[in-house]
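In each ligand, atom 1 is the first atom listed, and ligand 1 is the first ligand listed.
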Amino acid sequence: MNMLTVARPRSLDAISALMSDGRPLHFIAGGTDMLIAGRLRPKDGILVDLGQVAELSGISVVGQHIRIGAATTVARLAEDPVLAARLPALSQAAAECGAVQIRNRATIGGNIAEAAPAADLLPPLWVADARLEIRDHDGSRLVAIADYIASPGRLITAILLPDPDPAPKSGFAKLGSRRELTISKLNLAMLMRQEGGRIVDLRIVAGAIGPRPQRLKLAEAALGGRFLSPKALQLFAKALSDEVDTAIPTRSSRVWKRRAIVGLGYDVIAAMTGHSPRHPLFAGAA
Ligand SMILES: Cc1cc2nc3c(=O)[nH]c(=O)nc-3n(C[C@H](O)[C@H](O)[C@H](O)COP(=O)(O)OP(=O)(O)OC[C@H]3O[C@@H](n4cnc5c(N)ncnc54)[C@H](O)[C@@H]3O)c2cc1C
């Protein structure tokens, strides 16, 4: 017999009360991952619909942080002017998630908790050093996104992004089998700060080259501390390919991903710095 019941709480306090009930909790937000035909659905416990909890939605600036409620939709992320100005990589990734119908239902919390290797919101959140506000039966705490592991009954209530002034440059690019409505075969986010043209802070994270997003420290080291020049970009390109060789040495997709990642890296740098990807700077991409 199916022992699953459904709850539609209207507040975080009501969810906390369910957490102390002792039965397994399963959260559902937009349902775009959970309700896909063929997925194993929970058979017992309480299915908690997060859609009625106003505290879980919205984007606000709180002190030195941008706070995003976990049930904020991907469509809302894509159109938010604060994010577009402070973390364009996240706006761009959101704008390229699925299609209109998916973006209108899908949530940022669901994208993080599902933790798909190709999830588009994870690389921008990793480069931005996002922290997650987590609530379970033991209370609330903050966890760095790189340390987050989904587990039943652990609710993500919000995502906190540092909000430095001036905002760093950031960007995102993905590659799929179509232009629209396509799951990433490879994606890449970068966050960069320059002083007098020199790159002084650089973080790069790629998705779909392993079970989790990967920070590309070789590529960061190749470009960090330098001025943008054809030579620096050639070193950067080699480092990006080396990262793929190391991450997926035995996968057949390594052959094309080691070249494709260079294209994504160059596209993101061109967009962040206002250059055309056809600028002579990028001519040495081998
Ligand atoms: C046709 C299609 C196209 C898609 N295209 C893309 C794409 O281009 N890029 C991309 O990244 N993804 C894509 N997705 C995947 C999906 O839309 C996203 O991962 C979405 O953000 C999931 O959010 P949701 O609210 O629908 O999650 P749900 O389906 O509601 O939940 C997913 C999982 O997360 C858990 N969960 C949800 N919210 C929370 C929370 N606050 N705290 C803890 N756990 C939680 C649920 O228990 C469940 O295990 C696509 C999906 C479909 C069906």
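Here the protein heavy atom with the shortest distance to atom 46 (C) of ligand 1 is F27 O, 3.0 Å. Scanning the protein for heavy atoms near atom 44 (N) of ligand 1, the closest one is A113 CB, 3.3 Å. Scanning the protein heavy atoms around atom 41 (N) of ligand 1, the nearest turns out to be I156 O, 3.0 Å. At the top of the distance list for atom 32 (C) of ligand 1, counting protein heavy atoms only, stands E114 OE1, 3.4 Å. Regarding atom 11 (O) of ligand 1, its nearest protein heavy-atom neighbour is D120 N, 2.8 Å. The single protein non-hydrogen atom nearest to atom 13 (C) of ligand 1 is I183 CD1, 4.0 Å, given as residue, atom name and distance. The protein heavy atom nearest to atom 12 (N) of ligand 1 is N111 ND2, 3.7 Å. Regarding atom 19 (O) of ligand 1, its nearest protein heavy-atom neighbour is D33 OD2, 2.6 Å.
Residue A70 has at least one heavy-atom neighbour below 4.0 Å for each of these atoms of ligand 1: 41 (N). Close approach to A119 involves these atoms of ligand 1, each under 4.0 Å from a residue heavy atom: 11 (O). Remark: ligand 1 atoms within the under-4.0 Å shell around heavy atoms of I28 are 30 (O). Every atom of ligand 1 is numbered from 1 in the order shown, and the set under 4.0 Å from a heavy atom of R154 is 43 (C). Remark: ligand 1 atoms within the under-4.0 Å shell around heavy atoms of E96 are 8 (O). Of all atoms in ligand 1, listed by their number and element, those nearer than 4.0 Å to a heavy atom of G30 are 24 (P), 25 (O), 26 (O), 30 (O). Counting atoms of ligand 1 from 1 in the listed order, those under 4.0 Å from a heavy atom of K174 are 8 (O). The atoms of ligand 1 that sit less than 4.0 Å from any heavy atom of M34 are 29 (O), 47 (O).
In this structure, Y266 and F282 have tilted ring planes: the angle between them lies in the 30° to 60° band.
Backbone and side-chain nitrogen or oxygen atoms of A106 are examined, and none is located within less than 3.5 angstrom of a nitrogen or oxygen of ligand 1. For a threshold of 3.5 Å applied to N or O pairs, the pair formed by A29 and ligand 1 contains at least one separation below that value. In terms of N/O distances under 3.5 Å, ligand 1 is not approached by L35. Inclusion of A118 in the set of residues having an N or O under 3.5 Å from an N or O of ligand 1 is not warranted.
The OG atom of S229 lies 8.0 Å from the CG atom of L235; values are rounded to the nearest 0.5 Å. Rounding to the nearest 0.5 angstrom, the gap separating the CD1 atom in I156 from the CG atom in L50 is 10.0 Å. Atom CZ of R76 is separated from atom CD1 of I68 by 9.5 Å, given to the nearest 0.5 angstrom.
Between the side chain of E243 and the main chain of A219, a donor-acceptor pair closer than 3.5 Å is present. In terms of modelled atom types and a separation under 3.5 Å, the side chain of R212 and the main chain of A146 share a donor-acceptor contact. No donor-acceptor distance shorter than 3.5 angstrom exists from the side chain of K185 to the backbone of K257, with no hydrogens or angles considered.
At a 4.0 Å heavy-atom cut-off, ligand 1 touches T107 through backbone and side chain alike. Using a 4.0 Å cut-off between heavy atoms, H26 makes no contact with ligand 1 at all. Proximity of T182 to ligand 1, defined as any heavy-atom pair under 4.0 Å, is confined to the backbone N, CA, C and O atoms. Neither the backbone nor the side chain of R103 has any atom closer than 4.0 Å to an atom of ligand 1 (non-hydrogen atoms only).
More than 12 heavy atoms of other residues, nucleotides or ligands shown are found within 6.0 angstrom of CD on Q52. Annotation for I149: atom CD1 does not count as buried by contact number, only 12 or fewer foreign heavy atoms lying within 6.0 Å. The number of heavy-atom neighbours closer than 6.0 Å to CZ of R23, taken from other residues, nucleotides and ligands shown, is above 12. Residue R105 qualifies as open at atom CZ: its count of foreign heavy atoms under 6.0 Å is 12 or below. The number of heavy atoms from other shown groups lying within 6.0 Å of CZ (R141) is above 12.
A salt bridge does not link E133 with R131: every distance from a Lys NZ or Arg NE/NH1/NH2 to an Asp or Glu carboxylate oxygen is 4.0 Å or more. With salt bridges taken as basic N to acidic carboxylate O contacts below 4.0 Å, one links D129 and R203. Ion pairing between E220 and R215 holds under the 4.0 Å rule for side-chain N and carboxylate O.
Ranked by closest heavy atom to atom 5 (N) of ligand 1, the top entry among G110, G98, A94 is G98. The option with the heavy atom closest to atom 52 (C) of ligand 1, from among I102, L181, I112, is I102. The heavy atom nearest to atom 39 (C) of ligand 1, considering only L50, T32, I108, is found in L50.
By the 4.5 Å heavy-atom criterion applied to side chains, I102 and V74 are not counted as neighbours.
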